[in-house]
Amino acid sequence: IQGVNYNGSTGSGAKDSSTERTALEMAAIEADIKLIDDVAKEVAPGIYEALILNVTKGISFVYLNVPCGHNYFYKKRREFFKKLAAKKKG
């Protein structure tokens, strides 16, 4: 019979498991996705879906059929990246 282990190991002697690492990575990815979505909605609520497609999949403005002009779209895109960087930083 094995007792309770208080040394931080997973029972196999390893300090962490691949399952644990994967879970932590998935949680970080989910947090990043939520942050990207929230910032896009905050910066450009009327066109955030198109903005998400542009910044995550690289789909050009020309193919997005956005209800705004080129200059406005790219202005909002710049604002998105500026705000995203500020929120990621702290």
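Side chains are part of it too, since the values below use all heavy atoms of this structure and drop only hydrogens, waters and symmetry mates.
Rounded to the nearest 0.5 angstrom, Leu24 CG and Met26 CE are separated by 11.5 Å.
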Side-chain donor-acceptor distances from residues 54-62 under 3.5 Å, at least two apart:
{"residue": "Asn54", "atom": "OD1", "partner": "Arg77", "partner atom": "NE", "Å": "2.5"}
{"residue": "Asn54", "atom": "ND2", "partner": "Ile59", "partner atom": "O", "Å": "2.8"}
{"residue": "Thr56", "atom": "OG1", "partner": "Ile52", "partner atom": "O", "Å": "2.5"}
{"residue": "Ser60", "atom": "OG", "partner": "Val62", "partner atom": "N", "Å": "3.3"}

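No path of Ile, Leu, Val, Met, Phe, Trp and Tyr side chains, each step under 4.5 Å between heavy atoms, connects Leu53 with Ile33, placing them in separate hydrophobic clusters. Both Tyr63 and Val66 belong to a common hydrophobic cluster when Ile, Leu, Val, Met, Phe, Trp and Tyr are linked at side-chain heavy-atom distances under 4.5 angstrom.
Between Leu64 and Ala50 the shortest heavy-atom distance is CD1-O, 3.5 Å. Looking at every heavy atom in both residues, Lys76 comes nearest to Leu51 through O-CD2, 4.4 Å. Gly46 and Glu49 get closest at one heavy-atom pair: O-OE1, 4.4 Å.
Applying the ring pair (Phe, Tyr, Trp, His ring centres under 6.0 Å) rule to pairs touching residues 35-57 yields nothing, sequence neighbours excluded. Pairs passing the side chain to side chain donor-acceptor pair (under 3.5 Å) check and including a residue from residues 28-37, sequence neighbours excluded, read Asp32-Lys88, Lys34-Asp38, Asp37-Lys41.
Under the 4.0 Å criterion applied to side-chain N and carboxylate O atoms, Lys82 and Glu79 are not assigned as salt-bridge partners.
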